[in-house]
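As the structure is a computational prediction, the values presented were derived from the model and not from experiment.
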Amino acid sequence: MTHSPAPEAEPVLRVGNASGFYGDRFDALREMLTGGPLDVLTGDYLAELTLLILGKDRRRDPAAGYAKTFLRQLEEGLGLAHERGVKIVANAGGLAPAGLAAAVRALAERVGVPVRVAHVEGDDLLGRRSWGDGVLTANAYLGGAGIAACLRAGADIVVTGRVTDAALVTGPAAAHFGWGPDDLDALAGAMVAGHVLECGTQATGGNYAFFTDHDPRLLRRPGFPLAEIRADGSAVITKHPGTGGVVDLGTVTAQLLYETGGARYAGPDVTARLDTVRLTPDGPDRVRISGVRGEPPPPTLKVGLNRIGGWRNEVVFVLTGLDIEAKAELVREQVADALGNGDGPNTPPAEVRWELARTDHPDAPTEETASALLRLVVRDPDPDAVGRAVSGAVVELALGSYPGFHVTAPPGKGSPYGVFESAYVDATEVEHLAVLPDGERVSVPTPARTRPLESVPEPVDDLPAPLPTGLATLPAPLGLIAGARSGDKGGDANVGVWARSEGAWRWLAHELTVDLFRRLVPESAELTVVRHVLPHLRALNFTVGGLLGEGVAAQARFDPQAKALGEWLRGRYADLPEVLL
């Protein structure tokens, strides 16, 4: 059933973002409320790692489990939002959305601001079934329908637990324009806009591959983004006038590719076809998103599971000057001897990893630039195996190892590490609840139409013609002709690569194959790598299965969230046509 928009519905809904993660710029909420007109202000506080942190908080204090920063931001933001008629929607409720809603009401009473507070719950599935040993959190990714129900009931502030990041935008848009579950194209358009907004200043020049194209003064303090959404789901991405940063085709493309996979981008409300997205300039710091097609969502919901995986310890040895490789070999042998090989009284940790980073330079003008870093990481289910046994072994080498022996920090006793896993449950098994401002608990139905998620074949007919054969080439960094942005999804990584010219796109589409990607990223050689093609964006999206091991909390890799994987790829040399350089 399609809902009708309220008679007074404005033709454009202005939705802003004030947080891309738990710990983002504290002043952003005030800046967004005072910087220009807004209808809704959203905040994304939940990452996979955040829920592990909140799970540990809840284990220590059953009343904890929400993002306390949000509450502190509201101390001045509540009055500003009320004065300007701006509704606030945030997933800062974490594991305790009801607790945060109560705290917001108490704050509103204390500061004398009359606001109607609602919340969304039902995502917490920890006690609903057995998820295995050690699981601290089990949360289903809900959609925006619960948020929409709260707003339709007159809520000024809606706090949620685990919803998809884009749900913070699809919910308000559905409530404003009267969309129902069958308005798939409109929902998909808002979902794409929500994905662009969700990481805050990554859409306005933050973490941007071609940052050197812009005045550095613009990028010192990028403004947060907002989307002007219309009734058909199309949107313009922009920012408040006079704020820092930049919004252009490149910054929006980069964020569109961030932490996505194939052409079908699935959510609980709708599956958006990223291969239909069209971006066009719409004036200074304005990019229009249009043409997005939507399909029914999958019949299942993703469930994020966090558990304690074991204990880890880390020591970084500093190797300076000459004979770096020999020094590294000596200390590796000494530590291995001290930890034992299992034959004697000592048993080494279950996992011992060494990595030598050659940050040293010959004839260096400073000691720091003359030094390399040798990183030791140990992991084991037993805290004793990575604690005193490791720290003692390292400390005892202080006067009997390689010349110049020292470490970046004293070795500690080890710490627990987390593991993130994904599971899937039938959407009908999850009780999605909207708790309205008057306390009424409304069950949110699952979409009647669903479609199992399937991959999209590579669009051969939509690929550009290859460049002429026989062109002269030069070995050069890939980043000279392509941008990239990368991120994590559990233990997998994605790298989105896009071209800024038609010639570069013709090269990328035909030459940056899975085989070449594996050669440029040797870590992926034995892993499953899938290439997805998005012709309208002149982009490729590579997913690399298992690159990050057990996820960011496990810290199994030097860059555990693959944040710089795209920049490493851009720095790798490939044989590029001279005409593109």
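- Scanning all heavy atoms of the two residues, the minimum distance from A148 to A174 falls at CB-CB, 4.3 Å.
- One finds a salt bridge joining R58 and D124 here, because a Lys/Arg side-chain nitrogen approaches an Asp/Glu carboxylate oxygen to under 4.0 Å.
- A donor-acceptor contact shorter than 3.5 Å links the side chain of H176 to the backbone of E10.
- In this structure a side-chain-to-backbone donor-acceptor pair under 3.5 Å is missing from T160 to V120.
- In this structure, the side chain of W179 engages the main chain of A231 through a donor-acceptor pair within 3.5 Å.
- A 4.5 Å side-chain heavy-atom check between T243 and F224 finds every atom pair outside the cut-off.
- Taking both residues in full, the closest heavy atoms of P297 and V270 are given as CB-N, 3.7 Å, listed atom of the first, atom of the second, then distance.
- In this structure, OG1 in T137 is found 11.0 Å from CZ in R59, a value given to the nearest 0.5 Å.
- Using a 4.0 Å cut-off between charged nitrogen and carboxylate oxygen, R60 and D57 count as a salt-bridge pair.
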>> Working note: L537 + L256, criterion side-chain contact (heavy atoms from CB on, under 4.5 Å); need CA distance, chi angles, decisive distance, verdict.
In response: CA-CA 9 Å; L537 300 177; L256 265 179; 4.1 Å; yes
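- Among L274, V192, V292, T271, the single residue meeting the side-chain contact (heavy atoms from CB on, under 4.5 Å) criterion with Y265 is L274.
- By the 4.0 Å N-to-carboxylate-O rule, R441 lies close enough to E121 to be salt-bridged with it.
- Residue T528 holds its OG1 atom at 11.5 Å from CG of L547, rounded to the nearest 0.5 Å.
- Look at R278 and D275 and you find no salt bridge, because none of the NZ, NE, NH1 or NH2 atoms lies under 4.0 Å from a carboxylate O.
- A side-chain contact (heavy atoms from CB on, under 4.5 Å) with H432 is found for one member of V442, L301, V444 and no other, namely V444.
- Between D123 and R162, no side-chain nitrogen of the basic residue sits less than 4.0 Å from a carboxylate oxygen of the acidic one, so the salt-bridge criterion is not met.
- In this structure, R84 and T34 have side chains that are in contact, with non-hydrogen atoms separated by less than 4.5 Å.
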>> Does L279 form a side-chain contact (heavy atoms from CB on, under 4.5 Å) with I289? I'd like the steps, not just the answer.
In response: CA-CA 5 Å; L279 303 179; I289 299 174; 3.6 Å; yes
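- Judged by the 6.0 Å and 45° rule, K302 forms a cation-pi pair with Y141.
- Checked for salt-bridge contact, D182 and R449 meet the test: a charged N lies under 4.0 Å from a carboxylate O.
- Within 6.0 Å of CZ on F211 lie no more than 12 heavy atoms contributed by other residues, nucleotides or ligands.
- Aromatic ring centres of Y45 and F70 lie closer together than 6.0 Å.
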> Between N306 and V135, does a side-chain contact (heavy atoms from CB on, under 4.5 Å) hold up when you go through it step by step?
Replying inline: CA-CA 6 Å; N306 279 290; V135 173; over 6 Å; no
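- Side-chain atoms of T238 and L226, non-hydrogen and from C-beta on, do get closer than 4.5 Å to each other.
- Remark: the backbone N or O of T251 is paired with a side-chain donor or acceptor of D248 at under 3.5 angstrom.
- Other residues, nucleotides and ligands place more than 12 heavy atoms under 6.0 Å from the CZ atom of R25.
- A salt bridge is defined here as a Lys NZ or Arg NE, NH1 or NH2 lying under 4.0 Å from an Asp or Glu carboxylate O, and R129 with E429 meets this definition.
- At a threshold of 4.0 Å, the pair E228-R286 counts as salt-bridged, since one of the basic side-chain nitrogens sits closer than that to a carboxylate oxygen.
- In this structure the side chain of T69 reaches within 4.5 angstrom of the side chain of R72, judged on heavy atoms.
- Contact detail for P298 and L453: the closest heavy-atom pair is CG-CB, 4.4 Å.
- Proximity of a side-chain donor or acceptor of Y22 to a complementary backbone N or O of K68 within less than 3.5 Å is detected.
- One distance of note links OG1 of T276 with CD of E295; it measures 8.5 Å at 0.5 Å rounding.
- Closest heavy-atom contact between V533 and P459: CB-CD, 3.8 Å.
- W131 places no side-chain N or O within donor-acceptor distance of the main-chain N or O of R307, the cut-off being under 3.5 Å.
- Atom CG of D133 is surrounded by 12 or fewer heavy atoms from other residues, nucleotides or ligands within 6.0 Å.
- Rounding to the nearest 0.5 Å gives a distance of 11.5 Å between CE of M32 and OG of S19.
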>> Quick one, I308 with L136, criterion side-chain contact (heavy atoms from CB on, under 4.5 Å). Give me CA distance, side-chain angles, the key distance, then yes/no.
In response: CA-CA 7 Å; I308 300 298; L136 283 177; 4.0 Å; yes
> Could you walk me through whether N91 and D44 pass the side chain to side chain donor-acceptor pair (under 3.5 Å) check?
Replying inline: CA-CA 6 Å; N91 61 13; D44 181 9; 2.8 Å; yes
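- The main-chain N or O of G223 is found under 3.5 Å from a side-chain atom of T204 such that the two form a donor-acceptor pair.
- Between the side chain of D269 and the main chain of G143, no donor-acceptor pair closer than 3.5 Å is present.
- Looking at R230, its side chain never comes within 3.5 Å of a backbone N or O of D232 through a donor-acceptor pair.
- Using a 4.5 Å heavy-atom cutoff, the side chains of I229 and F177 are in contact.
- Taking CZ of R116 as the start and CG of D438 as the end, the distance is 11.0 Å to the nearest 0.5 Å.
- Interatomic distance, CG of L249 versus CZ of R538, reported as 8.5 Å (0.5 Å rounding).
- Remark: side-chain polar atoms of K563 are not paired, donor with acceptor, to backbone N or O of S486 under 3.5 angstrom.
- Salt bridge present: E31 and R221 bring a charged side-chain N and a carboxylate O closer than 4.0 Å.
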